[in-house]
Structures are given as structure tokens and as C-alpha cells.
Amino acid sequence: FLILNGHKFTFKPRLFYSPNDDMKEIPLVDYNVAYERIKREIQAGDESIAVVDTWGDRIAWYLGRDYQRAYWIYYPERVKYETENNQKFDTIFHFGFIANKEDLVKVMEKNKKGFVFIDGHEVSFLPKDALWYIENNLKLEVKFDKFSLDPDPYDTWPAWLYSWGMKRN
């Protein structure tokens with residue numbers, strides 16, 4: 001006995017299949033847009049750009065596990081990290097780890113240019129002081145409201161790309 005209902009089963013191909021048709025629990029953000037902007041700056045000959053993200057896997061996917069100026073920002077209670085030479089590193093990728101505003105400011109002082117990518121799905125897991133500092137002191141490069149191919153107008157997942165130290169034309 002099989003019930004075919006809604007969008008779980010289809011007999012005709014569609015342009016986009018949303019994993020959120022039923023519960024809206026999976027972030028649909030075009031991460032490639034943000035990381036293409038970051039890669040453009042890096043490929044322009046400046047490899048001294050720090051990249052801070054709310055999810056370490058995303059940095060590894062788009063920039064590689066060996067990107068030297070990668071940082072993961074998250075609540076310290078939810079990430080295993082170790083401290084070496086007065087700097088925190090996560091134990092999975094060995095990226096720099098940012099647990100609070102002071103860590104963020106240290107990263108910004110050490111790296112004169114950088115980007116911070118904030119996934120709306122992760123906002124509740126970010127250190128509040130660091131989030132406030134980012135929103136009030138860094139330049140908003142791009143704000144995402146929804147994935148461009150998703151036909152559902154109510155399937156929104158915000159994300160933000162901030163920067164510091166970039167030269168503007």
C-alpha cells in the first residue's frame with residue numbers, strides 16, 4: 001500500500017527538489033556565492049585573508065583543510081578545542097577557534113583582512129559578544145534571504161558575509 005501525496009514523490013522532473021517541503025529544517029543557502037567572493041580576494045594575490053565561519057566543514061570544503069588562516073567561531077561548550085601558544089584550535093580541522101569577542105579581535109589584529117560568514121542556522125550557537133561586535137563593526141558584504149532555486153517563498157534561511165580591511169574601489 002503506497003500513498004503518493006505532496007512533493008515526496010514525483011513523476012515529472014522539476015528544476016529544484018526542496019528537502020524542506022515538509023518541515024523547513026534544512027538550511028538552503030547558496031554558500032558558493034559567499035565563497036566565490038572570498039576566493040576572488042584570495043586569488044587576486046592576497047593569501048593573508050582570514051576566513052571565519054560558523055561551521056568548520058564549510059571552510060574545508062570551499063578552501064581546503066590546509067587553508068592557513070581559517071577560523072571557526074562557535075560556543076566553546078559545543079566544540080572540542082585545544083590551546084597552543086595562547087591560541088585556540090579546534091581538534092577536528094585544527095583551524096583557529098574563536099570562543100568570544102576577545103578571540104575575534106586577536107584574529108583581526110593578526111590578520112589585517114578577512115571575512116566572517118554567519119549562517120542563520122547557527123546564530124544561536126555563536127558567542128553573543130562576538131556576534132554583536134561583528135554586526136556593529138564589520139562591513140556587511142552580502143545578505144542572503146533564500147536559496148534562488150527554491151520556489152517556496154516561505155523557505156527562508158538568512159546568512160551574512162561580513163568583512164574587514166578590504167580596499168574598496
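Residue indices begin at 1 and follow the sequence shown.
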With distance as the sole test, does [X] use its side chain to make a donor-acceptor pair with the main-chain N or O of [Y] at under 3.5 Å?
X: W160; Y: F144; result: no
X: W164; Y: N111; result: yes
X: Q68; Y: D66; result: yes

Are the side chains of [Y] and [X] in contact, using a 4.5 Å heavy-atom criterion?
X: L161; Y: I38; answer: yes
X: I118; Y: L131; answer: yes
X: F115; Y: V142; answer: no
X: Y35; Y: I42; answer: no
X: S48; Y: R69; answer: yes
X: L104; Y: Y133; answer: yes

Worked check of salt bridge (Lys or Arg N to Asp or Glu O under 4.0 Å) between E36 and K39: CA-CA 5 Å; E36 282 303 314; K39 286 187 211 177; 3.8 Å; yes
Can you give me every donor-acceptor pair (side chain of residues 78-96, partner residue at least two apart or in another chain, under 3.5 Å) with its distance?
residue	atom	partner	partner atom	Å
Q87	OE1	K110	NZ	3.4
K88	NZ	D103	OD1	3.1
K88	NZ	D103	OD2	2.9
D90	OD1	F95	N	2.9
D90	OD2	I92	N	2.8
D90	OD2	F93	N	2.8
T91	OG1	K80	O	3.3

Begin from the C-alpha positions of E41 and R37 and carry the test salt bridge (Lys or Arg N to Asp or Glu O under 4.0 Å) through to its verdict. CA-CA 7 Å; E41 285 292 329; R37 168 76 176 96; 2.9 Å; yes
Between V123 and W55, is there a shared hydrophobic cluster once you connect ILVMFWY residues whose side-chain heavy atoms come closer than 4.5 Å?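 Shared cluster, no.
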Group every Ile, Leu, Val, Met, Phe, Trp and Tyr by side-chain heavy-atom contacts under 4.5 Å, then state whether Y75 and V107 land in the same group.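 Result: no, two separate clusters.
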Closest heavy-atom contact between [X] and [Y]?
X: L138; Y: S163; result: CB-O, 3.5 Å
X: G114; Y: I49; result: CA-CG2, 3.8 Å
X: W132; Y: N137; result: CZ3-ND2, 4.1 Å

Return the CG to CD1 distance between D129 and I134, rounded to the nearest 0.5 Å. 9.5 Å
Could you measure the distance from the CD1 atom of I59 to the OG1 atom of T54? Nearest 0.5 Å is fine. 8.5 Å
Please determine if R58 forms a cation-pi arrangement with F117, meaning its NZ or CZ atom is less than 6.0 Å from the six-membered ring centre and no more than 45° off the ring axis.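 So R58 doesn't make the cation-pi contact.
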